[in-house]
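These notes concern the structure reproduced below.
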Amino acid sequence: MIDPRLITLRTFAETGTIAATAELTGYSPSAVSAQLRDLQNSLGMTLLTKDGRGLRLTATGRYLVRRSDRLLSVWEEIRASSFTAGDQAPSHLGIGGFSTASANLLAPLAAHLRSTHPDVRVHIVEASPSRCFDLLVAERIDLAVVVSPQGDSRAENDARFEKVDLLDDPLDVMVPSDHPVAGRDSVTLSELAGEDWITAMPGSPYHALFIAAFTAAGVTPTIAHESVEWETSAALVGAGVGVSLVPRLASLAGEANVRRVRLAGTGRLSRKIIAAVRTGSRGSPLIRESLRHLKATSQRILATRLGEAD
């Protein structure tokens, strides 16, 4: 087995502070400090040094963390193949995902696993993509569903994680049910150039997608409102105060006075959604089953969501 103190060190290397390491691992700050001291003493190495009021890794510590990537991946592969060899399953599975994925992909997966593996404790964590990767490092979760923004090194080429493409999630237009385009099969952004738009705050991944869509269409949008959650956007659209882009994965079922219309033309965009696991663990029976279920659910959503009763 891998020394849990090494996992704590790797988590510290990811976060840079005792407090953040404690929050991710579930230990108290004093327990984190004690683990790191004990690891140094048992190895006879100086892994951390004072840096102002905090700590930082020494060159030895950074080297140990970097070289332990391979050690962890081999252990994950051994553990996964051991479960398979004995036709067993882990007693616990942690799964993390951003809010829309948690509601539309992870909740059905948790229900499925509860039915097929009643003895397995499934733990769902709603978290941002960045936090999901931190939780994977800290071994608080075993599988993450995240949006993969272009240029994100952990989502694209970090060797500590194996990634599986789940779906390209198209952006649709959400309009009031009495809007002139509400009954149409599709609409272009150019046709909606004069509308008041609802989007997320600048600096967020969704806002970047929003701006990219309009840039591709050669249209400058009028941003009238900012919201964080799709439910808030739906409420504003339903109140008739604007229109919004909404990902196909986000369900509008039960939202009053709104319709989803497919986006056509040069402004069409989608966000790439992936599943990520620690390298070597993909062969674990529960992870294999979870990935199959996530892919099937994703495809069903893409095939049916435009026809939902919004």
Side-chain angles (χ1 to χ4, degrees), residues 1-15 19-27 31-32 35 65 68-69 71-73 75-80 83 89-114 116-117 119-149 152-156 158-166 249 272-295 297-298:
M1 293 179 62
I2 300 297
D3 191 325
R5 296 174 299 180
L6 178 59
I7 305 303
T8 301
L9 180 69
R10 288 169 59 84
T11 305
F12 175 84
E14 195 72 12
T15 64
T21 301
E23 196 276 329
L24 278 171
T25 58
Y27 300 125
V32 167
Q35 285 193 28
V65 168
S68 67
D69 287 350
L71 176 66
L72 268 292
S73 67
W75 166 242
E76 291 286 358
E77 185 177 353
I78 291 172
R79 179 163 58 177
F83 280 123
S91 60
H92 171 269
L93 184 70
I95 309 172
F98 61 101
S99 59
T100 310
S102 295
N104 293 275
L105 298 178
L106 301 192
L109 173 59
H112 168 77
L113 293 175
R114 185 175 184 179
T116 57
H117 301 279
D119 295 331
V120 175
R121 184 167 66 90
V122 178
H123 179 56
I124 302 294
V125 179
E126 182 181 325
S128 68
S130 177
R131 180 170 170 78
C132 281
F133 282 113
D134 289 341
L135 290 168
L136 283 171
V137 172
E139 298 196 2
R140 293 291 299 279
I141 63 173
D142 308 290
L143 171 66
V145 177
V146 302
V147 177
S148 176
D152 187 318
S153 60
R154 292 201 291 185
E156 291 184 349
D158 193 319
R160 295 173 299 172
F161 311 110
E162 290 184 69
K163 279 78 69 175
V164 178
D165 291 348
L166 291 180
L249 186 61
K272 183 179 181 182
I273 296 177
I274 64 172
V277 299
R278 288 183 295 276
T279 297
S281 67
R282 186 173 170 180
S284 178
L286 278 185
I287 288 179
R288 290 201 311 267
E289 182 175 343
S290 297
L291 289 173
R292 287 195 299 269
H293 191 275
L294 288 169
K295 285 186 174 182
T297 304
S298 299

Could you measure the distance from the [atom1] atom of [X] to the [atom2] atom of [Y]? Nearest 0.5 Å is fine.
X      : Y      : atom1 : atom2 : result
Phe161 : Ser281 : CZ    : OG    : 10.5 Å
His117 : Asp119 : NE2   : CG    : 10.0 Å
Thr25  : Arg140 : OG1   : CZ    : 7.0 Å
Leu143 : Ser290 : CG    : OG    : 6.0 Å
Leu136 : Glu162 : CG    : CD    : 11.5 Å
Leu9   : Ile7   : CG    : CD1   : 9.5 Å

Item checked: Heavy-atom donor-acceptor pair, Ser68 side chain to Leu71 backbone, under 3.5 Å ->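 No; zero donor-acceptor contacts below 3.5 Å.
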Note to self: With a 3.5 Å distance limit and no angle check, can you tell me whether Ser73 reaches the backbone of Thr279 through a side-chain donor-acceptor pair?
What the structure shows: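 No: the side chain of Ser73 does not pair with the backbone of Thr279.
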Checklist line | Salt bridge Arg10-Glu139, side-chain N to carboxylate O under 4.0 Å | finding: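 Judged by the 4.0 Å cut-off on N to carboxylate O distance, Arg10 and Glu139 do not form a salt bridge.
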Any non-hydrogen side-chain atom of [X] less than 4.5 Å from a side-chain atom of [Y]?
X      : Y      : answer
Phe83  : Leu286 : no
Ile274 : Asp165 : yes
Arg160 : Glu14  : yes
Ile124 : Leu109 : no

Margin query: Going by side-chain hydrogen bond (donor to acceptor under 3.5 Å, both in side chains), name the residues that satisfy it together with Arg282, two or more places apart in sequence or in a different chain.
Written below: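 For Arg282, no residue satisfies side-chain hydrogen bond (donor to acceptor under 3.5 Å, both in side chains) once neighbours in sequence are set aside.
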Margin query: If the condition is side-chain hydrogen bond (donor to acceptor under 3.5 Å, both in side chains), which residues does Gln35 pass it with, not counting sequence neighbours?
Written below: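 side-chain hydrogen bond (donor to acceptor under 3.5 Å, both in side chains) list for Gln35, sorted by chain: Thr8.
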Next item on the list: Show your working on salt bridge (charged side-chain N to carboxylate O under 4.0 Å, His left out) between Arg131 and Glu23 and close with a plain yes or no.
Entry: CA-CA 11 Å; Arg131 180 170 170 78; Glu23 196 276 329; 2.8 Å; yes
Over all atoms of both residues, closest heavy-atom pair of [X] and [Y]:
X      : Y      : answer
Gly283 : Ala80  : C-CB, 3.8 Å
Leu135 : Ala127 : CD1-CB, 4.3 Å
Ala101 : Val145 : CB-CG1, 3.8 Å

Margin query: Quick one, Ile273 with Phe98, criterion side chain to side chain contact (heavy atoms under 4.5 Å, CB included). Give me CA distance, side-chain angles, the key distance, then yes/no.
Written below: CA-CA 10 Å; Ile273 296 177; Phe98 61 101; 3.9 Å; yes
Pairs under 3.5 angstrom only: tabulate donor-acceptor contacts from the side chains of residues 89-97 to other protein residues two or more places apart or in another chain.
none

Margin query: List the residues meeting side-chain contact (heavy atoms from CB on, under 4.5 Å) with Thr15, not counting sequence neighbours, and say none if there are none.
Written below: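 With sequence neighbours excluded, Thr15 shows a side-chain contact (heavy atoms from CB on, under 4.5 Å) to Thr11, Ala20, Thr21, Leu24, given in chain and number order.
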Margin query: A quick test of your reading: do over 12 heavy atoms of other residues, nucleotides or ligands sit less than 6.0 Å from CZ of Arg114?
Written below: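 Not more than 12 within 6.0 Å, no.
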Note to self: Listing request: all salt bridge (charged side-chain N to carboxylate O under 4.0 Å, His left out) pairs with a residue in residues 93-112, at least two apart in sequence or in separate chains.
What the structure shows: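 Salt bridge (charged side-chain N to carboxylate O under 4.0 Å, His left out) check on residues 93-112 returns no pairs.
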Next item on the list: Not counting sequence neighbours, list each pair that qualifies as a side chain to side chain donor-acceptor pair (under 3.5 Å) and has a residue in residues 93-112.
Entry: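 Side chain to side chain donor-acceptor pair (under 3.5 Å) check on residues 93-112 returns Thr100-Trp230, Asn104-Arg305, His112-Glu289.
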